[in-house]
Structure formats: C-alpha cells, structure tokens
Amino acid sequence: MEYKFKAWVKPVIEDGEVVYTGCMVDVWGIDFKRRKIIYYEPFDLLPMVGKKEELSFDEIELLPYIGLNDKNDKEIYKGDILKFTHEREDFINENAKVVVEIPKIYSIMSNPYNHSFEIIGSVYTNPELLE
C-alpha cells in the first residue's frame, strides 16, 4: 500500500472571530521529530513551484489515504463522506452515506454484496452532508 496523507488545516478563532476558515492541503512530508507537516502553497497548476510551508501537528488533522479508490478512481481518505448504493434489488435507500473511519470502512467495503462508492465530500469541508 502506498502511504499518502492530506491534512485539514484547522480554523483559527481569536476573540470569538473567525480569522481563518480552514482548508485541505496535500502533505508532501512529515517531520515526526519536530511534529510538523510540510506542504506547498499551490502556485497555479504547479504545486511544487509554490512556497514551502510547515504546520505543527496541533494546527492540523492528519488524514491518511486508506488504500482504496471510489468508483471514479478518486483516492479515499479518512474523513471522506461516501455515497454508496447496492446492486441488490431489495436495497431501498439510494442516498445512503458513510463517513470513512478506519477500520469501519474496510468491513463495509468488504461486504459480500456489490457496492458502488463515490466520494461526495468530507466531514471537514462539507459538514452539512452529515445532516
């Protein structure tokens, strides 16, 4: 399995006011001794040309790639919200959703019935989908 990570940069609130709303970044390196991640601030379509940034583990939520892809071949990360459907005739709810939690997602995806999974968002960027 390939080890990849994304990170949710936590929102910053000072004196009850939102200073920074948070965002998702691709992790390019992890420094466990200094407890920091390394990522590149994107520059148009060439992310490695952008400015190198570091964030401490306290400022982020580290999200591992689970080693599986959805039906559109998008990589699935912890915290992704998946829409799934069964190919069984007796499955009624076509809008069923599941949040990726490890190892919960493996038991769902290894179910003997044929599933179709599609990433529709993330608990961090689309919390309204959980309602």
Side-chain angles (χ1 to χ4, degrees):
M1 179 170 100
E2 188 173 4
Y3 294 100
K4 295 181 182 181
F5 295 88
K6 290 194 309 188
W8 170 248
V9 182
K10 297 175 184 176
V12 176
I13 300 171
E14 293 177 0
D15 298 326
E17 190 172 317
V18 177
V19 176
Y20 179 73
T21 59
C23 71
M24 197 70 71
V25 296
D26 292 322
V27 176
W28 290 87
I30 301 174
D31 185 335
F32 288 102
K33 285 186 178 182
R34 294 176 44 229
R35 298 184 43 81
K36 293 185 179 274
I37 65 157
I38 300 161
Y39 74 99
Y40 286 84
E41 193 66 43
F43 178 76
D44 292 332
L45 300 175
L46 303 170
M48 291 298 288
V49 176
K51 183 179 172 189
K52 180 179 173 183
E53 299 282 348
E54 293 184 351
L55 290 168
S56 75
F57 286 178
D58 294 336
E59 298 174 290
I60 61 146
E61 182 77 30
L62 197 57
L63 310 169
Y65 168 57
I66 68 164
L68 300 170
N69 293 15
D70 75 353
K71 72 178 191 175
N72 299 315
D73 206 33
K74 288 178 65 177
E75 296 172 342
I76 301 173
Y77 288 81
K78 180 182 177 189
D80 282 343
I81 301 171
L82 306 177
K83 177 180 176 185
F84 70 98
T85 56
H86 287 270
E87 291 185 4
R88 290 177 29 189
E89 292 177 20
D90 62 342
F91 187 71
I92 298 168
N93 187 353
E94 294 182 6
N95 295 313
K97 299 173 192 164
V98 64
V99 175
V100 175
E101 295 175 13
I102 303 166
K104 175 180 148 185
I105 193 65
Y106 286 108
S107 68
I108 292 171
M109 293 182 118
S110 63
N111 191 307
Y113 301 110
N114 196 359
H115 296 92
S116 176
F117 290 89
E118 179 178 18
I119 298 170
I120 59 170
S122 161
V123 297
Y124 304 99
T125 56
N126 311 97
E128 71 280 0
L129 293 175
L130 298 174
E131 298 173 3

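We use all heavy atoms of the structure for the numbers below, so side chains are in, but hydrogens, waters and symmetry mates are not.
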**Request:** For residues I119 and D70, report the shortest heavy-atom separation together with the two atoms involved.
**Result:** N-OD2, 2.9 Å
What side-chain donor-acceptor pairs closer than 3.5 Å can you find for residues 53-64, not counting sequence neighbours?
unit_1 : atom_1 : unit_2 : atom_2 : d
E54    : OE1    : R34    : NH2    : 2.5
E54    : OE2    : R34    : NH1    : 3.4
S56    : OG     : D58    : N      : 3.4
S56    : OG     : E59    : OE1    : 3.3
E59    : OE1    : S56    : N      : 2.8

**Request:** Determine whether V9 and Y20 make a side-chain contact, defined as any pair of heavy atoms from C-beta on separated by less than 4.5 Å.
**Result:** yes
**I13: hydrophobic cluster co-members (side-chain, 4.5 Å)** = V18
**Message:** In this structure, would I38 and I30 fall into the same cluster of hydrophobic residues linked by side-chain contacts under 4.5 Å?
**Reply:** no
**Prompt:** Quick one: are D80 and S122 in side-chain contact, heavy atoms under 4.5 Å?
**Reply:** yes
**Prompt:** Which residues satisfy the ring-ring contact (aromatic ring centres under 6.0 Å, His included) test with Y124, sequence neighbours excluded?
**Reply:** W8
**Fill in**
Heavy-atom nearest pair, Y65 first then I76, reads CD1-O, 3.3 Å
**Minimum-distance pair of heavy atoms, taken over all atoms of G121 and L129** = CA-CD1, 4.1 Å
**Asked** Between N72 and K74, is there a donor-acceptor pair closer than 3.5 Å when you use the side chain of the first and the backbone of the second?
**Response** no
**Asked** Under the salt bridge (charged side-chain N to carboxylate O under 4.0 Å, His left out) test, which residues partner K71, sequence neighbours left out?
**Response** E118
**Complete:** For residues 4-25, the salt bridge (charged side-chain N to carboxylate O under 4.0 Å, His left out) pairs (sequence neighbours left out) are E2-K4, K4-E75
**Request:** Check whether any side-chain heavy atom of I120 lies under 4.5 Å from a side-chain heavy atom of N126, and answer yes or no.
**Result:** no
